[in-house]
Structures are given as structure tokens and as C-alpha cells.
Amino acid sequence: MKKKILALMMALMCTAFTATACGNNNDEKTTIEDAGETEEVEEESEEAEEAEEEAEEAEEETEETEEEESEETEEEANEENGGYDAKAIAEAFPIDNMRMTVTSEGQTVDVYVCGPNFMVETESQGYLVEMYYYEGVMYSHTSGQGIDQWVKTTEGVEDIGDELQEMGANGWKEENIGEVEYIETVEEDGTTYDVVRVEEFRDGEFYQELLFYINVETGLTERTESETSGSLIVIYYEPCEVFELPAAAATATEI
């Protein structure tokens, strides 16, 4: 009985050992197989990453090429258009303090734009009329034929200020400029000008069309021409000194 029990124990021990050994071999085999599969997965992952990187590089190169081609096309178009576009027109008004002389049908009005302040001066029917938009207050001075009068108001002056801003350099922003077309180059009194047709927009809507006369040497606009209700309006532009509100404005009567 003891032998049978011993033999059975030996058999069970052998069986257990064999099973353990086989189990270890299977684990090792599984581990090796798993390691092989992991390496394959890692290799596939690396290949996928490399392929993705190559695709991204190719896409970036394509985008760069398209941007360069677009820039080249735009530059070529600008060169064919005399080098003028909306940005160039906007940059043709780099004057902080500007005098504008507006002429139409024999009438002349001088407008001085100095930052947010304006002065308008004109002669009419024997009177000299001066208007000042100064620090949010509108002053009017009328002199001539025995009259010398100052009045002032703050009512409705913002609209006037906005309109004058639109006339000056502050109104010529790139987003307000539509189609730009180079017309020709002309010489007047020894000065060479590029004549450029420009569309002006306000509040996103077409406002008017003008001819710009841009001094080729300075790159600045010296004159614009436009038509309103059949009347030709010519505006001359030049730098000016900052103006001060005359001391006599302190006597202005408020209306």
C-alpha cells in the first residue's frame, strides 16, 4: 500500500512537474511570441508614424508652395497694376497733419485735419467763414462786411467730425478700399504722378470712385478727383502745421 501510495505520489509529482515544466515552456513561448508580436506592432507603429510625418511634411510643402505661388501671383498682378493695391493706396496717406483744399464749381474750401481736430475755412459772398471742430465742440467764426461773430455748439457735431475724418487720411483704411486700377503715369509742372482709379467703400457699401494722383517720388497722394451729381470735385493734399483754437473763440455765444 505504501509503495502504491509512494508510486502514486511520485506519479503525481512527475505529473505536476511535467505540467509545471510544460506550463513554463508555454509561458516562455507565449512571452517570446508576445514579444515578437509587440516588436511587429512597434515596427508597424513606427512605420505608421513615419508615414504620417512624411504625409504632414508633404502637406506642409504643398501649402508653402501654394502660398508662395499665391504671393508670386499677387506680386505679379500688383506689378502689372503699377504696383498698386488697397494696401498701397492706404499707405499713400501717412500724413498726421494734413491740409485739404477742396474745389468744386469755382468754390474753394480749405480743411485742416490735425488728429481729432479740424478747421474749415472758406470765403462766400464777401464773408470769411471759419469753422473749428475742437475737442468735441464746434465753433463758427464769420467776419466781413462789418460782422465779426463767434458762436459754438455741441449739438450734432459728431456726425460732422466723422465726415471730416472720412475725407482725411483716417478714412483711407485698407478695408475701405475696393478695386484699384493703375491708369497711366503723367507729368505736371515737373512732377511725375501715377494716376490710379480707386473704389471707396463705407460701412461695407460702395460710396464713390476717384482718381488718385500719387507723386512717384514721394509715394504720397497729392490730388484726388471725383464726380458728384455731375460736378467735378478736386481735392489737393499737403502737410500742415498743428493749428490752435484762436483766443477769440472764448467769446463765442453758445447756440
Item checked: Stepwise side chain to side chain contact (heavy atoms under 4.5 Å, CB included) test for Asn117 and Met119 -> CA-CA 7 Å; Asn117 300 319; Met119 183 181 80; over 6 Å; no
Find out whether [X] and [Y] are in side-chain contact, i.e. whether some heavy atom of one side chain is under 4.5 Å from a heavy atom of the other.
| X | Y | answer |
| --- | --- | --- |
| Pro246 | Tyr132 | yes |
| Val186 | Val195 | yes |
| Phe201 | Tyr207 | no |
| Thr122 | Gln107 | yes |
| Phe118 | Tyr134 | no |
| Thr224 | Tyr213 | no |
| Tyr133 | Val120 | no |
| Ile177 | Trp172 | yes |

Notebook entry, point to check: What class does the angle between the rings of Tyr237 and Phe93 fall in, given that below 30° is parallel, 30 to 60° is tilted and above 60° is perpendicular?
Noted result: perpendicular
Notebook entry, point to check: Have Asp148 and Ser143 got a donor and an acceptor in their side chains that come within less than 3.5 Å?
Noted result: no
Next item on the list: Please determine, by modelled atom types, if Glu105 and Ser231 share a side-chain donor-acceptor pair under 3.5 angstrom.
Entry: yes
Next item on the list: Apply side-chain hydrogen bond (donor to acceptor under 3.5 Å, both in side chains) to Thr101 and list each qualifying residue two or more places apart in sequence or on a separate chain.
Entry: Asp110
Closest heavy-atom pair and its distance - [X], [Y]:
| X | Y | result |
| --- | --- | --- |
| Glu174 | Ala90 | N-CB, 3.8 Å |
| Ala248 | Trp150 | CB-NE1, 3.5 Å |
| Val137 | Lys152 | CG1-CB, 4.1 Å |
| Glu123 | Leu128 | CG-CD1, 3.9 Å |
| Ala86 | Val180 | N-CG2, 3.9 Å |

Who passes side chain to side chain contact (heavy atoms under 4.5 Å, CB included) against [X], sequence neighbours left out?
| X | result |
| --- | --- |
| Thr228 | Ile233 |
| Asn215 | Thr191, Tyr193, Glu217, Thr218, Glu222 |
| Thr153 | Met138, Glu155, Val157, Ile255 |

Interatomic distance, [X] atom [atom1] to [Y] atom [atom2] [nearest 0.5 angstrom]:
| X | Y | atom1 | atom2 | value |
| --- | --- | --- | --- | --- |
| Ile89 | Glu200 | CD1 | CD | 12.0 Å |
| Ser140 | Met131 | OG | CE | 5.5 Å |
| Glu227 | Leu211 | CD | CG | 9.5 Å |
| Cys240 | Met100 | SG | CE | 9.5 Å |
| Met98 | Ile235 | CE | CD1 | 10.0 Å |
| Tyr182 | Ile214 | OH | CD1 | 10.5 Å |

Tell me if a side-chain donor or acceptor on [X] pairs with a main-chain N or O of [Y] at a distance below 3.5 Å.
| X | Y | result |
| --- | --- | --- |
| Asp85 | Lys87 | yes |
| Asp194 | Val216 | no |
| Glu199 | Glu179 | yes |
| Glu184 | Val196 | no |

Check: Would the number of heavy atoms belonging to other residues, nucleotides or ligands and lying under 6.0 Å from CD of Gln125 be above 12?
Finding: no
Note to self: Please determine whether the number of non-hydrogen atoms from other residues, nucleotides or ligands lying under 6.0 Å from atom CD of Gln145 exceeds 12.
What the structure shows: yes
Note to self: Clusters formed by hydrophobic residues whose side-chain heavy atoms approach within less than 4.5 Å: which one holds Leu232, and what are its other members?
What the structure shows: Val234, Tyr236
Margin query: Between Arg223 and Glu188 (salt bridge meaning N to carboxylate O under 4.0 Å), is one present in this structure?
Written below: yes
Notebook entry, point to check: For Tyr127, what residues pass the ring pair (Phe, Tyr, Trp, His ring centres under 6.0 Å) criterion, not counting sequence neighbours?
Noted result: none
